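Please read the structure below before turning to the comments.
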Amino acid sequence: MLNQFSQKVYQIAKKIPSGKVATYGQLANLAGKPKAARAVGFFMKNNPDIKNIPCYKVVASDGRLCGYSASGGLKKKKQKLVSDGVVFKGNRVDLSHSRWDPAS
DNA sequence: AAAATGACGGTGT
DNA sequence: TACACCGCCATTT
């Protein structure tokens, strides 16, 4: 199942700092495959290490929350993000303020 | 081996 | 901003 690309994505996901979020495409890009956003979503859903991989910090490119396998669904996911200090704009994340910048 | 699926992204309307 | 389409990728059926 695992190994290769997925491991890289997971490792990067673990680095997402508190109060910030990353997009699926961003993770895919950092992992070396800018167009594998979809696959990244699959990996998050699969989430092999829910304890160390903050999959709830991963949102769609427009800041919209697309899914959450854990209990509570998107509602819970949003709440978790808010608790982490992520700025919300209605039902979406304010990426201009809460988007993770790997360079910083 | 081929087709289908999904927690996506970009573009066009 | 919203909706419809198409392209992409890894995994599953």
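Quick caveat, the model's predicted, so the values are computed rather than measured. Lettering of chains follows the sequences in order, A, B, ..., and the numbering in each one begins at 1. All heavy atoms count here, side chains included; hydrogens, waters and symmetry mates do not.
- What you find for A:Tyr68 and A:Gly73 is that their closest heavy atoms are CD2-O, 3.2 Å.
- Taking 4.0 Å as the cutoff to heavy atoms of chain A, we find the contact window on DNA chain B bounded by B:dG6 to B:dG10.
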Review item, side-chain donor-acceptor pairs of residues 16-37 of chain A, under 3.5 Å, at least two apart:
residue, atom, partner, partner atom, Å
A:Lys20, NZ, A:His97, O, 3.1
A:Thr23, OG1, A:Gln26, N, 3.0
A:Tyr24, OH, A:Val58, O, 3.4
A:Gln26, OE1, A:Thr23, N, 3.4
A:Gln26, NE2, A:Trp100, O, 2.7

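- For A:Arg64, the salt bridge (charged side-chain N to carboxylate O under 4.0 Å, His left out) partners are A:Asp62, not counting sequence neighbours.
- Listed by residue number, A:Arg92 are the residues of residues 77-97 of chain A with a heavy-atom contact under 4.0 Å to DNA chain C.
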Please output the side-chain donor-acceptor pairs of residues 78-85 of chain A that fall under 3.5 Å, not counting sequence neighbours, one pair per line with the distance.
residue, atom, partner, partner atom, Å
A:Lys78, NZ, A:Gly90, O, 3.3
A:Ser83, OG, A:Gln79, O, 3.0
A:Asp84, OD2, A:Tyr56, OH, 3.3
A:Asp84, OD2, A:Lys57, NZ, 3.3

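- Across all strands shown, A:Ala37 has heavy atoms under 4.0 Å from sugar-phosphate atoms exclusively, and none from any base.
- A:Phe5 meets the ring-ring contact (aromatic ring centres under 6.0 Å, His included) test with A:Phe43; sequence neighbours excluded.
- Taking atom NZ of residue A:Lys33 and atom P of nucleotide C:dC8, one finds them 14 Å apart after rounding to whole Å.
- Of the residues in residues 53-66 of chain A, those placing a heavy atom less than 4.0 Å from an atom of DNA chain B are A:Cys55, A:Ala60, A:Ser61, A:Cys66, in numerical order.
- Grouping Ile, Leu, Val, Met, Phe, Trp and Tyr residues whose side-chain heavy atoms lie under 4.5 Å apart, directly or via other members, leaves A:Val87 alone, with no other cluster members.
- For the contact set between residues 15-27 of chain A and DNA chain B, defined by any heavy atom under 4.0 Å, the members are A:Thr23, A:Tyr24, A:Gly25.
- Using a 4.5 Å cut-off between side-chain heavy atoms of Ile, Leu, Val, Met, Phe, Trp and Tyr, with links allowed through other members, A:Val59 and A:Phe42 fall into different hydrophobic clusters.
- For the residue pair A:Leu95 and A:Gly63, the shortest heavy atom distance occurs at CD1-N, 3.4 Å.
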With the criterion being N/O to N/O and under 3.5 Å, what pairs connect the protein with nucleotides 4-7 of chain C, and how long is each?
residue, atom, partner, partner atom, Å
C:dG7, O6, A:Arg38, NH1, 2.8

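- A:Asp49 is linked by a side-chain hydrogen bond (donor to acceptor under 3.5 Å, both in side chains) to A:Asn52, counting only residues two or more places apart in sequence or in another chain.
- The local environment of NZ in A:Lys14 is crowded, with over 12 non-hydrogen atoms from other residues, nucleotides or ligands closer than 6.0 Å.
- Side-chain contact between A:Gln11 and A:Lys15 is present, with heavy atoms from C-beta onward closer than 4.5 Å.
- Counting non-hydrogen atoms under 4.0 angstrom, A:Lys45 reaches a base of the nucleic acid.
- Nearest heavy atom pair, residue A:Ala13 against residue A:Ile53, reads CB-CG2, 4.0 Å.
- Under the side-chain hydrogen bond (donor to acceptor under 3.5 Å, both in side chains) criterion, A:Ser96 pairs with A:Asp94, not counting sequence neighbours.
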Apply the test side chain to side chain contact (heavy atoms under 4.5 Å, CB included) to residues A:Leu65 and A:Val93: give CA-CA distance (whole Å), side-chain angles for both, the deciding distance (0.1 Å), then the verdict. CA-CA 8 Å; A:Leu65 279 57; A:Val93 176; 3.9 Å; yes
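- For the atom pair A:Met44 CE and A:Ser69 OG, the distance stands at 11.0 Å (nearest 0.5 Å).
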